[in-house]
Amino acid sequence: MASVPFHYVDLRAFCYATEDEKRVDDALRTYLPEEFPIEREETEGYHGDRILVLSARVENADDVRHVLSQLRESADFGRIEAELDDRVTENCELFLSLDKQAAFHDEVALGEGITFRAKVEAYPAKKATAVENVREIL
């Protein structure tokens, strides 16, 4: 796999007041290379509760390959491929929602809790071109 058709990959998870920050951090790290930095931003929910936003932007090609290799391990991989037309936007972005609880157990699955967004390289910058580029890499 010489080139990667992504400018970057963003991963983000919310850690609510009822959750253990270390566990949410571990879940996010399921997709990231070792020792990859995770940014933390504290915010407040509607009722004044603390919400910690954990996020990472992966831009280096080798690191993006690592994230993609983790996705390929998913039992839902066939579903991801089949739904590419629905998961790639007109702005050439690939969106996935990943299961935070499964990730904590080092499993990769579609679900809720971790947002995956990747900016797809596409020349010309059209959805159809972006979908084809993602299909080739997967």
Close side-chain approach of [X] and [Y], heavy atoms under 4.5 Å:
| X | Y | value |
| --- | --- | --- |
| Arg12 | Val53 | yes |
| Asp62 | Arg65 | yes |
| Val134 | Pro5 | no |
| Glu42 | Arg50 | yes |
| Lys127 | Thr89 | no |
| Phe95 | Val88 | no |

Between [X] and [Y], which heavy-atom pair has the shortest distance, and what is it?
| X | Y | answer |
| --- | --- | --- |
| Ser74 | Ala109 | OG-CA, 3.9 Å |
| Asp63 | Pro33 | OD1-CG, 3.5 Å |
| Val24 | Ala13 | CG1-CB, 4.0 Å |
| Ala27 | Ala103 | O-CB, 3.4 Å |
| Lys119 | Asn91 | NZ-O, 2.6 Å |
| Ser55 | Leu28 | N-CD2, 4.2 Å |

Could you grab the distance from atom [atom1] of [X] to atom [atom2] of [Y], nearest 0.5 Å is fine?
| X | Y | atom1 | atom2 | value |
| --- | --- | --- | --- | --- |
| Leu98 | Leu71 | CG | CG | 6.0 Å |
| Asp106 | Thr30 | CG | OG1 | 4.5 Å |
| Ile114 | Tyr31 | CD1 | OH | 5.0 Å |
| Glu121 | Cys92 | CD | SG | 10.5 Å |
| Leu84 | Arg79 | CG | CZ | 12.5 Å |
| Leu96 | Leu94 | CG | CG | 4.5 Å |

Report task. State whether Phe104 and Arg23 meet the cation-pi test: NZ (Lys) or CZ (Arg) under 6.0 Å from the six-membered ring centroid, and within 45° of the perpendicular axis. Result ->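 Verdict for Phe104: a cation-pi partner in Arg23.
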
Should [X] and [Y] be regarded as members of a common hydrophobic cluster, given that ILVMFWY residues are connected when their side-chain heavy atoms come within less than 4.5 Å of each other, either directly or indirectly?
| X | Y | value |
| --- | --- | --- |
| Ile51 | Leu11 | no |
| Leu54 | Phe36 | yes |
| Phe116 | Phe14 | no |

Between [X] and [Y] (side chain of the first, backbone of the second, donor and acceptor by atom type, cut-off under 3.5 Å), is there such a pair?
| X | Y | answer |
| --- | --- | --- |
| Thr129 | Ala122 | no |
| His7 | Glu59 | no |
| Lys100 | Gly111 | no |
| Glu19 | Tyr16 | yes |
| Asp76 | Leu110 | yes |

Query raised in the report: Given Phe6 and Asn133, is the side chain to side chain contact (heavy atoms under 4.5 Å, CB included) satisfied, shown in steps?
Result: CA-CA 9 Å; Phe6 295 116; Asn133 287 349; over 6 Å; no

Requested in this report: Kindly check if the number of other-residue, nucleotide or ligand heavy atoms within 6.0 Å of CD (Glu112) is above 12?
Outcome: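 Counting neighbours around CD of Glu112, 12 or fewer heavy atoms of other residues, nucleotides or ligands fall under 6.0 Å, so no.
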
Query raised in the report: In this structure, are over 12 heavy atoms from other groups packed under 6.0 Å from Glu39 atom CD?
Result: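 Atom CD in Glu39 is not crowded, with 12 or fewer foreign heavy atoms closer than 6.0 Å.
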
Charged N-O contact under 4.0 Å between [X] and [Y]:
| X | Y | result |
| --- | --- | --- |
| Lys126 | Glu90 | no |
| Arg40 | Asp25 | yes |
| Arg117 | Glu93 | yes |

Query raised in the report: Can His66 and Asn60 be said to form a side chain to side chain contact (heavy atoms under 4.5 Å, CB included), step by step?
Result: CA-CA 10 Å; His66 177 83; Asn60 176 289; over 6 Å; no

